[in-house]
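All values below come from the heavy atoms of this structure, side chains included, with hydrogens, waters and symmetry mates left out. A, B, ... follow the sequence lines: proteins, then strands. Residue 1 opens every chain.
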Number of protein chains: 2
Amino acid sequence: MITHSQPYVRKDERRAMIAQAARELILENGYAALRTRDVAARVGINISTLHFHVPSKTALVALVAETTRDSFLAMLPPAPDPARPARVQLRAEAQAYRDSLRDRPELAACFMQLTQTSGIEPNVAAVLESFTRGWCQRYADILAIGQAQEVFRADLSPFPAAIAMTGALTAFGHRGSNGLEMFWPVFDEIERGFLAAPGKEESVR
Amino acid sequence: MITHSQPYVRKDERRAMIAQAARELILENGYAALRTRDVAARVGINISTLHFHVPSKTALVALVAETTRDSFLAMLPPAPDPARPARVQLRAEAQAYRDSLRDRPELAACFMQLTQTSGIEPNVAAVLESFTRGWCQRYADILAIGQAQEVFRADLSPFPAAIAMTGALTAFGHRGSNGLEMFWPVFDEIERGFLAAPGKEESVR
DNA sequence: TTCAAAATCAATCATATGATTGATTCATGA
DNA sequence: TCATGAATCAATCATATGATTGATTTTGAA
């Protein structure tokens, strides 16, 4: 018989292990191929043990959504601050996201794939949408701060601009996307479009 | 007994009906919930008739990918033309995509969802990726044309800019996205960032 | 040490799901 | 007309899959 690598783990920790295994499987095979048996096997527990900790597949998906959101939130830089340079904050925001793509690729992948369930799992959709809205709002806030600092164009519309930035960066979270080598070129290009025309009494940085 | 609404249809037409039904179901329930039985039921045919026309689920997914690509290609405006105004061409490109989101929402939805199967269906991934690359290239070409016409910034990098534009617009193809009311504000905001500084002799070196 | 609660497992159930088989119905050219 | 192939269907198979049941092992407080 197989010796369990992690026997008799506390419920909270076991649930975290289950969520992580599910995220990895979603990253590797896609949400459509997610099977409760495969999750249990990756954790190294019996299928009924999985059901003891997470009662149903619906609950598993909800758990994955919530913990993915929490992991993303934990990686965010400090909240937008009118007292700090906007370009520094904007770049820090993008850097945190890029780091997550490099270090925790399963997070963005799960985020993408769980949108598949939007039509049939409203609670999951709510988790994802509220995070997306909050994430976009951070960019909008930074852009507005940058306008006050006269770093960004006065005619910039922060919210559409934030949707554009987050939408463009989100494309790098897809599985089929060609790596991250275009991440900063794309960011730089968008940011350049946001900058105020140089030459006045403006002070960069 | 149920009277069949479409009895004895030719193979090509039947395959087109099957592909369309599959697309609609993917739009409604997500790729993960796609079942061959449901596709057959929506077409109004027996499950074995579906297998007669499309031998396996893998073949069905490939069919959906190819016909979705073809439908998208059919909606594209004329190819980029150095002789025509770049901003007009750029807007026409976005307009065609926006029209597709309004009139054929299942196309973008399928594109999204099938992209997520990249890891396990390489042939499908190839179809989608080649289209994505071609689509992005059209934007890059238009942007380069616009630079030659001195409509867009001389320091614009067409390819990163094209990735940014297509990535931002792609976000509107998601199911959970908040409708299309922000489509043109987002497009306008990005385009504004691409424009050359207005008329006054901005070539101050 | 004891024992109740927590955690785990083997076995199994009920249904879902992709696919097949063989008969049947329709279309069409000779 | 009628023979042939194309298209369709009812019935069924083999396996996958989410979930349950009841027994077993471990933990930790008294």
Using atom CD1 of B/Ile18 as one end and atom C1' of D/dT8 as the other, report the distance to the nearest whole Å. 12 Å

Whole Å only: how far is the CG atom of B/Leu50 from the P atom of C/dT17? 15 Å

Let me know the distance between NE2 of B/His51 and C1' of D/dT12, rounded to the nearest Å. 14 Å

Comparing nearest nucleotides in DNA chain D, the 5'-proximal residue of the pair A/Pro55, A/Ala33 is A/Ala33

Please determine if a side-chain N or O atom of A/Arg14 lies less than 4.0 Å away from the OP1 or OP2 oxygen of C/dA6. no

Select from A/Phe52 and A/Ile47 the residue whose nearest nucleotide in DNA chain C is closer to the 5' end of that strand. A/Phe52

For B/Trp135 together with B/Tyr97, are the ring centres under 6.0 Å from each other? yes

Hey, does the side chain of B/Arg37 come within less than 4.0 Å of C/dA19's phosphate (OP1/OP2), counting only N and O? no

What nucleotide, of C/dA6, D/dA7, C/dA19, holds the atom closest to the side chain of B/Lys11? D/dA7

With sugar-phosphate meaning primed atoms plus P, OP1 and OP2, does B/Leu60 contact a base, only sugar-phosphate, or nothing at under 4.0 Å between heavy atoms? nothing

Salt bridge present between B/Glu106 and B/Arg104 (N-O < 4.0 angstrom): yes

Looking at C/dT8, I'd like to know if its phosphate oxygens (OP1 or OP2) sit under 4.0 Å from a side-chain N or O belonging to A/Asn46. no

For the residue pair B/Pro105 and B/Leu27, establish whether any side-chain heavy-atom pair is separated by less than 4.5 Å. yes

Of the candidates C/dT8, C/dA19, D/dA19, the side chain of B/Ser56 sits closest to C/dA19

Picking from C/dA19, D/dT17, C/dT8, which would you name as closest to the side chain of A/Arg35? D/dT17

Nucleotide D/dA19, atom P - distance to NZ of A/Lys57 in whole Å: 8 Å

Nucleotide D/dA7, atom P - distance to CD of B/Glu13 in whole Å: 11 Å

Kindly say if A/His53 contacts the phosphate of C/dT8, meaning a side-chain N or O under 4.0 Å from OP1 or OP2. yes

Between B/Gln20 and B/Arg23, is there a side-chain donor-acceptor contact under 3.5 Å, judged purely by atom types and distance? yes

Scan nucleotides 21-30 of chain D nucleotide by nucleotide, 5' to 3', and note B when protein non-hydrogen atoms come under 4.0 Å of the base, S if they reach only the sugar-phosphate, - if neither. B---BS-S--

Taking B/Glu13 first and then B/Arg15, would you say they form a salt bridge - that is, a charged N and a carboxylate O separated by under 4.0 Å? no

Side-chain heavy atoms of A/Arg14 within contact of A/Tyr8, under 4.5 Å: no

Verify the neighbour count for atom CZ of A/Arg102: are there more than 12 heavy atoms of other residues, nucleotides or ligands below 6.0 Å? yes

